[in-house]
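One structure is given here, and the rest of the page talks about it.
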Amino acid sequence: MRFPIHSTLRLSLSALLIGTPLLLQAQSLLDMVENATGYDAQWRSAQAEKEAAERRSDQARAPLLPQVGIGADLSRAQTRLNIQDRQHTGTTHNIALMASQSLYRPADNVQLSQSKLAVQSAQYALNAAAQDLIVRVAQAYFDVLVAQDTLAFVQAEKESVIEQLAAAERNFEVGNSTITDTREAQARFDLVRAQEIAAANDLQVKKLALDKTVGLIQSQPWPLQHPFTLPEPSSENVMDWVDWAQSQQPQIRQAQLGLDIAKLETDKAETGHLPTVSLTASVGQTNNRQGTLATPVNGMRSQQASVGVALNMPLYAGGAVQNRVRETLALEEVARAQLDEVTRNTVQATREAFYGMQSGRSQVKALEAAEVSSLSALEANQLGYEVGVRINLDVLNSQSQLFQTRRDLAQARYGVLMSNLRLAQASGTLSMDDVRKIDALLQPLPAAASATASGNSTAAPAEAAPVTTAPQQ
């Protein structure tokens with residue numbers, strides 16, 4: 001899977017070079033993922049590892065290509081022939097151009113095949129890093145939205161408690177209620193205020209985590225559209241997802257390539273018994289300025305040229321080849337066991353992600369029904385408080401239940417979206433198309449609203465408007 005590189009990504013890379021994040025506010029999940037591709041260290045590391053694997057493959061091909069070199073030497077020697085009482089001293093210059101071409105080197109051929117598989121393995125590792133990057137960015141993205149909704153609901157609950165506190169004080173002043181109602185409302189206000197402080201801090205932390213993940217400053221994610229419709233999974237059959245995982249999951253493909261590389265390593269070890277054949281050729285010149293002992297002629301020069309075939313046949317290496325074969329067979333069994341383990345873990349993770357997604361969808365539907373029921377219960381308690389059959393604490397508890405249900409519902413909706421991404425990741429099918437589908441469920445923020453939200457981290461979404469709980473006097 002390849003990530004598109006566009007102007008935003010190029011800006012990310014430029015900012016990376018100067019060591020500072022970008023002062024941008026990419027809104028959509030897709031934009032943030034694309035920005036992270038030029039910023040995330042894990043993603044860049046996987047890219048570099050793939051590049052290194054490609055260069056190693058080029059190196060493995062080199063021994064199979066022609067090898068050309070040039071050599072030269074300068075020497076001075078003195079020769080004495082005692083029988084004839086002759087002596088010669090002279091300087092020799094040698095220069096030669098040598099070339100060789102591999103004709104039969106089975107080990108080098110196997111090494112090249114292994115390097116090609118290693119490049120494929122690095123590509124699968126890059127795919128896995130890309131899917132992991134999508135999930136990490138999406139998690140940070142939705143963590144901010146969850147924190148925003150939580151803060152908004154707490155603030156809305158606080159406004160409702162303030163109104164209920166004011167109503168209790170008015171009723172106490174006219175003698176329609178006791179001081180207990182006022183104190184209960186005050187205690188609930190103090191509790192909600194503490195929750196608001198914690199929620200505001202959590203939002204700041206989540207925003208910083210998102211900025212760190214995508215390399216932006218004051219990034220503002222888009223909220224969910226309202227009304228929100230749960231996305232439909234690609235298949236409702238868990239076995240379909242398991243089949244996709246077994247055929248497409250990058251970790252399984254990497255493990256399978258690891259086994260193939262181990263088998264080739266055994267083949268390479270077995271080539272230790274085989275001969276190697278090379279074509280060799282050389283052309284050179286020797287210059288003896290003072291001649292030689294046999295031919296003492298000044299300025300003597302000779303040229304040589306040769307072409308031939310070199311054969312190297314191993315006969316005995318002390319048992320190294322046999323033991324190397326036994327070692328590679330054991331390592332092959334290790335790779336096979338690792339493949340089995342990765343396959344089983346992937347299948348298990350896919351099943352868990354599938355059932356988690358189904359559970360999340362059911363939970364959203366249940367919480368939607370609970371929200372309706374909680375709102376009805378709140379309205380009933382408000383009416384009962386007005387006519388004197390309910391006390392202030394009943395209204396406060398109903399308010400708390402309603403806002404807690406809304407918080408849980410918001411978290412469950414984001415959880416379903418994350419479950420869909422994690423299921424796609426577990427099955428190896430996660431791509432930028434899945435991110436685009438989520439973007440279609442988000443509500444773009446107007447420019448002015450985006451700027452306001454970036455400057456004020458406590459901005460609340462529209463659905464978090466406070467519920468009026470004070471009885472009409």
Side-chain angles (χ1 to χ4, degrees), residues 1-49 125-151 199-224 250 353 410-411 413-426 430-439 441-442 444-445 450 453-455 457 459:
M1 179 177 60
R2 296 185 180 274
F3 281 51
I5 298 179
H6 52 66
S7 58
T8 307
L9 177 54
R10 287 192 290 270
L11 289 172
S12 296
L13 292 172
S14 300
L16 183 64
L17 294 177
I18 62 175
T20 57
L22 289 177
L23 289 169
L24 296 178
Q25 294 177 13
Q27 301 292 329
S28 70
L29 178 60
L30 178 63
D31 286 339
M32 291 194 180
V33 170
E34 290 176 343
N35 277 307
T37 60
Y39 181 80
D40 185 72
Q42 296 181 35
W43 163 255
R44 288 165 33 230
S45 175
Q47 282 184 312
E49 180 56 37
L126 183 60
N127 293 346
Q131 296 186 31
D132 180 69
L133 176 61
I134 291 176
V135 171
R136 286 189 289 110
V137 172
Q139 185 65 68
Y141 189 94
F142 292 133
D143 283 347
V144 172
L145 293 180
V146 168
Q148 285 180 342
D149 287 351
T150 298
L151 177 59
N201 179 71
D202 184 62
L203 176 58
Q204 291 296 335
V205 171
K206 294 300 191 297
K207 279 181 171 290
L208 291 174
L210 178 60
D211 292 346
K212 172 181 174 294
T213 302
V214 301
L216 301 174
I217 292 179
Q218 295 182 349
S219 52
Q220 179 62 35
W222 291 346
L224 290 178
Q411 293 178 5
R413 285 169 173 167
Y414 296 125
V416 168
L417 296 180
M418 282 304 305
S419 295
N420 288 341
L421 292 179
R422 295 190 185 279
L423 176 58
Q425 181 190 26
L430 182 60
S431 68
M432 296 297 280
D433 289 337
D434 297 286
V435 179
R436 294 186 183 93
K437 291 178 182 178
I438 291 181
D439 268 1
L441 303 175
L442 303 177
L445 291 175
S450 177
S454 299
S457 61

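The chain is numbered in sequence order, starting from 1.
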> With sequence neighbours left out, what residues match Gln139 under side-chain hydrogen bond (donor to acceptor under 3.5 Å, both in side chains)?
Replying inline: Asp143, Arg422

> For Met432 and Glu34, which heavy atoms make the closest approach, and how far apart are they?
Replying inline: CE-CG, 3.8 Å

> From Leu203 CG over to Leu208 CG, what is the distance, rounded to the nearest 0.5 angstrom?
Replying inline: 9.5 Å

> Taking all atoms of both residues into account, what is the closest heavy-atom pair of Val135 and Gln425, and its distance?
Replying inline: CG2-OE1, 3.3 Å

>> Checking Lys207 against Gln218 for the side chain to side chain donor-acceptor pair (under 3.5 Å) test, could you report, in this order, the C-alpha distance in whole Å, the side-chain angles of both residues, the deciding distance, and whether it holds?
In response: CA-CA 7 Å; Lys207 279 181 171 290; Gln218 295 182 349; over 6 Å; no

> Looking at residues at least two apart in the chain, or sitting in another chain, which of them share a side chain to side chain contact (heavy atoms under 4.5 Å, CB included) with Leu441?
Replying inline: Phe228, Pro231, Leu417

> With sequence neighbours excluded, what pairs up with Ala128 under the side chain to side chain contact (heavy atoms under 4.5 Å, CB included) test?
Replying inline: Pro250

> How far apart are the closest heavy atoms of Leu29 and Ala138, and which atoms are they?
Replying inline: CD1-CA, 3.8 Å

> Of all heavy-atom pairs between Thr213 and Ala209, which one has the smallest distance, and what is that distance?
Replying inline: OG1-O, 2.8 Å

> Leu216 versus Asn35: any side-chain heavy-atom pair under 4.5 Å?
Replying inline: yes

>> Check whether Asp211 reaches the backbone of Ser219 with its side chain - one donor and one acceptor, N or O, closer than 3.5 Å.
In response: yes

> Closest approach of Ala147 and Lys206, non-hydrogen atoms and distance?
Replying inline: CB-CG, 4.1 Å

> How long is the gap from CG on Asp149 to CG on Leu224, to the nearest 0.5 Å?
Replying inline: 7.5 Å

>> I want to check something: taking the side chain as every heavy atom from C-beta on, are Val435 and Val137 in contact at a cut-off of under 4.5 Å?
In response: no

> Would you say Gln148 and Leu151 make side-chain contact, with heavy atoms under 4.5 Å?
Replying inline: no

>> How long is the straight-line distance from CG of Asn420 back to CG of Asp434, given to the nearest 0.5 Å?
In response: 8.5 Å

> Does Asp439 use its side chain to pair, donor to acceptor, with the backbone of Leu30 at less than 3.5 Å?
Replying inline: yes

>> Under a 3.5 Å distance rule, please check whether Tyr414 uses its side chain to pair with a backbone N or O of Tyr141 as donor and acceptor.
In response: no

> What is the distance from atom OG of Ser28 to atom CZ of Arg436, rounded to the nearest 0.5 Å?
Replying inline: 10.0 Å

> What are the two closest non-hydrogen atoms of Gln411 and Val146, and how far apart are they?
Replying inline: CG-CG1, 3.6 Å

>> Could you check whether any side-chain N or O of Arg44 sits under 3.5 Å from a backbone N or O of Tyr39, counting only pairs where one atom can act as donor and the other as acceptor?
In response: yes

